[in-house]
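Worksheet: one structure, shown below.
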Amino acid sequence: MTGSCDPDRHKNHPHRPDRYDAVSYTPYPQSIPRARRRVAHLAAEWGHPGAAGDAALLASELCTNALLHGCLRDRLFRVETSLIGQVLRIAVTDPKGERLPEPRTVEDSDQFGRGLLIVRVLASRWAVENLTVGKTVWAELNVPGITDA
C-alpha cells in the first residue's frame, strides 16, 4: 500500500524524509496506546523530546478516528511517522476512503467528537488524502531545529 509518507515516493524529491518509520496495527483498541508510545519514542529518539507529548496525542487521536470510523474487520491500519527537516509528520492510513473526517460542533455534555478539534489545535497542518483504497489522515508538527551543545 502506498501511503502519504512512503519513503519511495520521496526518492527524487528534495524533501525526502530524514527519518521514517511505518507500523501496521490490528483494528483493536489496544493498538492505540502502542502506536501512541511508538510515535512518542520516535520523536524523542529523533532529537525532539519536547514534541513527544503532542506527537503522541496526535497519533492517539488519528488512530482512534481510524479505529472508530475507518477500519474494517481483519484489515490493518498503518501509522507512518517521518521527519523532514523541522517537520514531524504522523500519518494514519485506514481502508475506508468513503468515510472522511470532518470537525464538528460538540456540546459540553458530548463524550465524543473532539478528536479533530484537538488535531486542529496541536498540528501545524493536517489534511486527508484519498487513496485508491482507503484514506490517509496526516498531521504535522513544526519542531525546533536540533542545536549542537
| request: Using distance alone, with no hydrogens and no angle criterion, decide if Trp138 and Glu129 have a side-chain donor and acceptor under 3.5 Å apart. | output: yes
| request: Taking the side chain as every heavy atom from C-beta outward, state whether Tyr20 and Asp18 have any atom pair closer than 4.5 Å. | output: no
| note | When rounded to the nearest 0.5 Å, the distance separating CG of Asp54 from CG of Leu122 is 4.5 Å
| request: Please name the pair of heavy atoms, one in Ser82 and one in Pro17, separated by the smallest distance, quoted to 0.1 Å. | output: CB-CB, 4.2 Å
| task | With the side chain counted from C-beta on, respond yes when Asn142 and Arg125 share a heavy-atom pair under 4.5 Å apart, and no when they do not. | result | yes
| field | Point-to-point distance, once rounded to the nearest 0.5 Å, from NE2 of His48 to CD of Gln86 | value | 7.5 Å
| task | Nearest 0.5 Å please: distance from the NE2 atom of His41 over to the CH2 atom of Trp46. | result | 9.5 Å
| Val119 versus Leu58: any side-chain heavy-atom pair under 4.5 Å? | yes
| request: For Arg34 and Gln30, run side chain to side chain contact (heavy atoms under 4.5 Å, CB included): C-alpha distance rounded to whole Å, both residues' side-chain angles, the deciding distance at 0.1 Å, then the answer. | output: CA-CA 7 Å; Arg34 288 181 184 143; Gln30 64 266 27; 3.6 Å; yes
| CA sep, side-chain torsions, deciding dist, call: Trp126, Arg120, side chain to side chain contact (heavy atoms under 4.5 Å, CB included) | CA-CA 7 Å; Trp126 78 278; Arg120 287 172 62 185; 3.1 Å; yes
| remark: Taken to the nearest 0.5 Å, the spacing of Cys63 SG from Phe77 CZ works out to 4.5 Å
| query | If we only count heavy atoms from C-beta on, is the Ile84 to Arg16 side-chain gap below 4.5 Å? | reply | no
| query | Should Thr136 and Val92 count as side-chain neighbours, where that means a heavy-atom distance under 4.5 Å? | reply | no
| query | Distance from Ser124 atom OG to Arg89 atom CZ, nearest 0.5 Å? | reply | 11.5 Å
| note | Ala40 and Ala56 have their tightest heavy-atom pair at CB-CB, 3.9 Å
| Cluster question for you: counting only ILVMFWY and a side-chain heavy-atom cut-off of under 4.5 Å, with indirect links fine, are Leu67 and Val79 together? | no
| message | Let me check something: do Leu141 and Leu57 share a hydrophobic cluster, defined by ILVMFWY side-chain heavy atoms less than 4.5 Å apart, either directly or through other members? | response | yes
| note | When every non-hydrogen atom of Leu88 is compared with those of Val143, the smallest separation belongs to CB-CG1, 4.1 Å
| Once you round to the nearest 0.5 Å, how far does CZ of Arg37 lie from CD1 of Ile32? | 11.5 Å
| message | The test is side chain to side chain contact (heavy atoms under 4.5 Å, CB included); show your working for Leu42 and Arg19 and say whether it passes. | response | CA-CA 9 Å; Leu42 291 170; Arg19 301 288 184 115; over 6 Å; no
| field | Path from Leu62 to Val23 over hydrophobic side-chain contacts below 4.5 Å | value | yes
| said: So that I can tick it off, tell me whether Arg78 and Asp94 are bridged by a salt bridge, with the cut-off set at under 4.0 angstrom between side-chain N and carboxylate O. | reply: no
| Heavy-atom donor-acceptor pair, Lys135 side chain to Lys96 backbone, under 3.5 Å | yes
| message | Test of understanding: with side chain to side chain donor-acceptor pair (under 3.5 Å), list the residues that count as partners of Thr64, not counting sequence neighbours. | response | none
| query | Between Ile90 and Ile118, is there a shared hydrophobic cluster once you connect ILVMFWY residues whose side-chain heavy atoms come closer than 4.5 Å? | reply | yes
| message | Contact between Tyr25 and Leu76 at the side-chain level, heavy atoms closer than 4.5 Å - yes or no? | response | no
| query | Are Arg38 and Asp21 close enough, and set up right, to give a side chain to side chain contact (heavy atoms under 4.5 Å, CB included), and what steps lead you there? | reply | CA-CA 10 Å; Arg38 183 166 186 87; Asp21 180 78; 2.7 Å; yes
